[in-house]
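The figures here come from the full heavy-atom set of this structure, side chains too, leaving out hydrogens, waters and symmetry mates.
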Amino acid sequence: MAIENGLEIIPVMNKIDLPSAMIDEVGDQVLELIGGKKEDIIKASAKVGTGTQDILEAIIKKIPPPKIDNSKPLRALIFDSLFDIYRGVVIYLRVVDGELKEGDEIKFFFSDQTYIAEEVGILKMGRVRTGKLESGNVGYLICGMKDVNDCKVGDTIFNSKQIITEPLPGYQEVKPMVFSGIYPANTEDFENLRDSLSKLKLNDASLTYEPETSVALGFGFRCGFLGMLHLEIIQERLEREYNLNIVTTVPNVEYKVYKTNGEMLVVDNPSIMPDPSVIDYIEEPYIKAQIITPTDYIGNIMKLANDRRGIYKTTNYLDPKRVDLQFEFPLGEIIFDFFDKLKSTTRGYASFDYELLDYRESNLVKLDILLNGDPVDALSSIVHRDNAFDWGKKLCLKLKELIPRQMFEVAIQAAIGNKIVARETISAMRKNVTAKCYGGDISRKRKLLEKQKEGKKRMKQIGSVEIPQEAFLAVLSIEK
């Protein structure tokens with residue numbers, strides 16, 4: 001990406017003091033990747049103090065200074081923001097053209113909002129107020145903005161009295177890619193969860209959430225994340241910083257469901273999937289994936305990609321021992337545990353990168369989990385029809401281990417619409433009612449057993465199955 005954008009690259013080889021450092025081999029890999037001369041690679045080690053001076057000098061010599069032009073109308077690029085409880089939103093920006101002074105009336109190009117610049121300054125170890133920022137400066141801006149969602153990264157700030165027609169390039173709306181339900185383990189913590197999410201959103205505008213209700217889990221929130229790492233970070237922060245015990249449902253992606261009447265529905269939650277009889281076809285997002293790995297693990301990666309419905313594209317040998325593999329994957333297949341599987345099959349040596357391609361038609365179905373005929377919405381998932389039986393069978397087996405035995409028989413079923421594709425049965429706890437019959441006619445024992453059978457049947461009709469929290473996490477560890 002740096003090469004594509006014409007940026008200057010300074011190659012630095014770090015940790016050269018380690019006994020395992022392969023200086024010549026790594027040097028060849030760097031040259032293969034970005035070109036250049038071997039003597040341009042800076043060898044550095046912070047432990048022994050070598051290379052630091054060379055790195056700083058290379059930055060000064062090789063990275064070009066910004067072009068300064070204060071005569072043009074103001075154009076400044078927002079690259080980050082944070083929320084200060086006393087001052088509101090603090091915007092970090094780079095002034096590309098013109099000047100930004102305190103008291104100026106400024107406007108945001110994409111959000112179309114107007115503010116007065118209250119405080120302007122540069123960034124050192126903290127905020128240093130300077131009163132103005134010139135072309136080429138990087139600094140901060142405080143303008144009385146109250147909501148961090150109004151400050152979009154990549155937006156262009158300009159002076160409302162000097163209208164610009166061309167914003168700075170690179171702006172893209174932040175769009176969640178992975179969706180998951182977050183519920184409090186204790187229903188009394190719902191208010192705390194809502195407050196915690198609202199506080200997290202102050203410093204993380206890419207997090208989206210809206211209230212939702214689950215029959216099995218009660219009240220919670222449907223949250224949108226940029227990816228699985230983002231989901232894990234939010235989950236960790238909720239547990240560590242806000243002392244919440246939460247249950248997270250299976251992560252899934254956005255599907256486009258086209259109905260027979262021509263209407264298109266965006267589905268990010270299996271529970272809102274329409275009835276199969278009204279669905280014409282379903283499209284799912286595909287990604288372009290790049291996997292760089294040692295050549296020893298090509299076979300393992302090919303098998304993993306095949307299991308995840310990957311489409312092989314190209315192989316490019318970077319050097320005799322490393323290879324660059326290109327695939328196309330359905331996003332729904334890789335958000336789950338693909339990265340963990342990739343790392344375990346390559347002993348941690350493979351690297352993985354991907355970008356969104358497009359939406360493609362796929363043979364997808366909604367897989368429901370039924371307990372005694374009642375669907376458990378929190379365990380529903382959208383899967384490819386070819387994988388539905390295996391997925392349903394594994395999930396039923398896992399739930400059979402985790403759901404405790406009841407006084408009545410519990411049927412765990414995986415279903416696509418009205419068709420049952422897998423079933424497991426948890427047998428009832430049973431008292432030996434014939435223990436007191438020491439002999440005599442067999443009909444006495446049969447009568448007692450029939451009476452017990454009737455009681456179990458009545459119990460099954462009115463009894464409800466308590467699902468432990470581990471059962472909802474079972475899907476996340478289904479392959480283990």
Does the side chain of S380 come under 3.5 Å of the side chain of D368 through a donor N or O and an acceptor N or O?
-> yes

Heavy-atom side-chain proximity of [X] to [Y] below 4.5 angstrom:
X	Y	answer
I287	L357	no
M273	L364	no
S135	K72	no

Criterion side-chain contact (heavy atoms from CB on, under 4.5 Å) on I106 and L141, from CA distance to verdict | CA-CA 11 Å; I106 54 167; L141 162 70; 3.4 Å; yes

Over all heavy atoms of both residues, which pair between [X] and [Y] is shortest? Give the atoms and the distance, please.
X	Y	result
I9	A2	CD1-CB, 4.0 Å
A414	C396	N-SG, 3.8 Å
I369	I412	CG2-CG2, 4.5 Å
P274	V257	CG-CG1, 3.9 Å
L100	A117	CD1-CB, 4.4 Å
R222	P270	NH2-CD, 4.3 Å

Considering only NZ, NE, NH1 and NH2 on the basic side and carboxylate oxygens on the acidic side, decide whether K62 and E8 come within less than 4.0 Å.
-> no

Is any side-chain N of the basic residue among K199 and E241 closer than 4.0 Å to the acidic one's carboxylate O?
-> no

Could you give the distance from [atom1] ([X]) to [atom2] ([Y]), rounded to the nearest 0.5 Å?
X	Y	atom1	atom2	result
D189	D195	CG	CG	11.0 Å
K343	S351	NZ	OG	6.5 Å
L193	N245	CG	CG	11.0 Å
K341	T346	NZ	OG1	13.0 Å
Q235	L244	CD	CG	11.5 Å

Partner set under ring-ring contact (aromatic ring centres under 6.0 Å, His included) for [X], not counting sequence neighbours:
X	answer
H230	F225
Y209	F221
F352	F338, Y354

Given the rule in the side-chain contact (heavy atoms from CB on, under 4.5 Å) test, do F327 and I291 qualify, once you have shown the distances and angles that lead to the verdict?
-> CA-CA 8 Å; F327 292 94; I291 299 172; 4.1 Å; yes

Show the atom names and distances, to 0.1 Å, of all donor-acceptor pairs under 3.5 Å that link a side chain in residues 47-58 to residues at least two apart or in another chain.
{"unit_1": "T50", "atom_1": "OG1", "unit_2": "S45", "atom_2": "N", "d": "3.4"}
{"unit_1": "Q53", "atom_1": "NE2", "unit_2": "E57", "atom_2": "OE2", "d": "3.4"}

Measure from the side-chain N and O atoms of S160 to the backbone N and O of E105, and report whether any donor-acceptor pair falls under 3.5 Å.
-> yes

Could you walk me through whether L133 and L93 pass the side-chain contact (heavy atoms from CB on, under 4.5 Å) check?
-> CA-CA 10 Å; L133 288 172; L93 47 79; 3.7 Å; yes

Pairs in or reaching into residues 111-151: which pass ring-ring contact (aromatic ring centres under 6.0 Å, His included), with residues at least two apart or in two chains?
-> F108-Y115

Could you pull out every donor-acceptor pair under 3.5 Å between side chains of residues 78-85 and any protein atom, sequence neighbours left out?
{"unit_1": "D84", "atom_1": "OD1", "unit_2": "Y86", "atom_2": "N", "d": "2.8"}
{"unit_1": "D84", "atom_1": "OD1", "unit_2": "R87", "atom_2": "N", "d": "3.2"}
{"unit_1": "D84", "atom_1": "OD2", "unit_2": "R127", "atom_2": "NH2", "d": "3.2"}

Pair F109-R75, side-chain contact (heavy atoms from CB on, under 4.5 Å): steps then yes or no | CA-CA 10 Å; F109 192 90; R75 287 198 309 170; over 6 Å; no

